[in-house]
Amino acid sequence: MTAAELTPQEGARCALRAGLPLADDRLAPVTATANHIQSVLGVLRELDLRQTPPAPVYQAGGPAGAAL
């Protein structure tokens, strides 16, 4: 699923709704960061993790990838 990138104005609205008003000089960098995070999350959502066991089955300090 792809989502359209936020514009600085949409980013400002989202920040204001969250109670974080942004100064005009911060709109572009904050929006760019939010768009980057969304793109990374999009890639992670596409990963097929059905064959990956949940984290509790791994033994801390054991060999890499070792399961109990």
Considering all heavy atoms, the nearest [X]-[Y] contact:
{"X": "Leu27", "Y": "Pro8", "value": "CD2-O, 4.0 Å"}
{"X": "Thr31", "Y": "Leu6", "value": "CG2-O, 3.3 Å"}
{"X": "Glu5", "Y": "Glu10", "value": "O-OE1, 3.8 Å"}

Notebook entry, point to check: Can you check whether Leu20 reaches Leu16 side chain to side chain, under 4.5 Å on heavy atoms?
Noted result: no
Item checked: Non-neighbouring partners of Asp48 that pass side chain to side chain donor-acceptor pair (under 3.5 Å), sequence neighbours left out -> Arg50
Next item on the list: Would you indicate whether Asp25, at its atom CG, is surrounded by more than 12 heavy atoms from other residues, nucleotides or ligands within a distance under 6.0 Å?
Entry: yes
Margin query: If hydrophobic clusters are built by linking Ile, Leu, Val, Met, Phe, Trp and Tyr wherever their side-chain heavy atoms come under 4.5 Å apart, do Leu47 and Val40 end up in the same one?
Written below: yes
Notebook entry, point to check: Under a single-linkage definition using a 4.5 Å side-chain heavy-atom cutoff for Ile, Leu, Val, Met, Phe, Trp and Tyr, are Leu49 and Val43 assigned to the same hydrophobic cluster?
Noted result: no
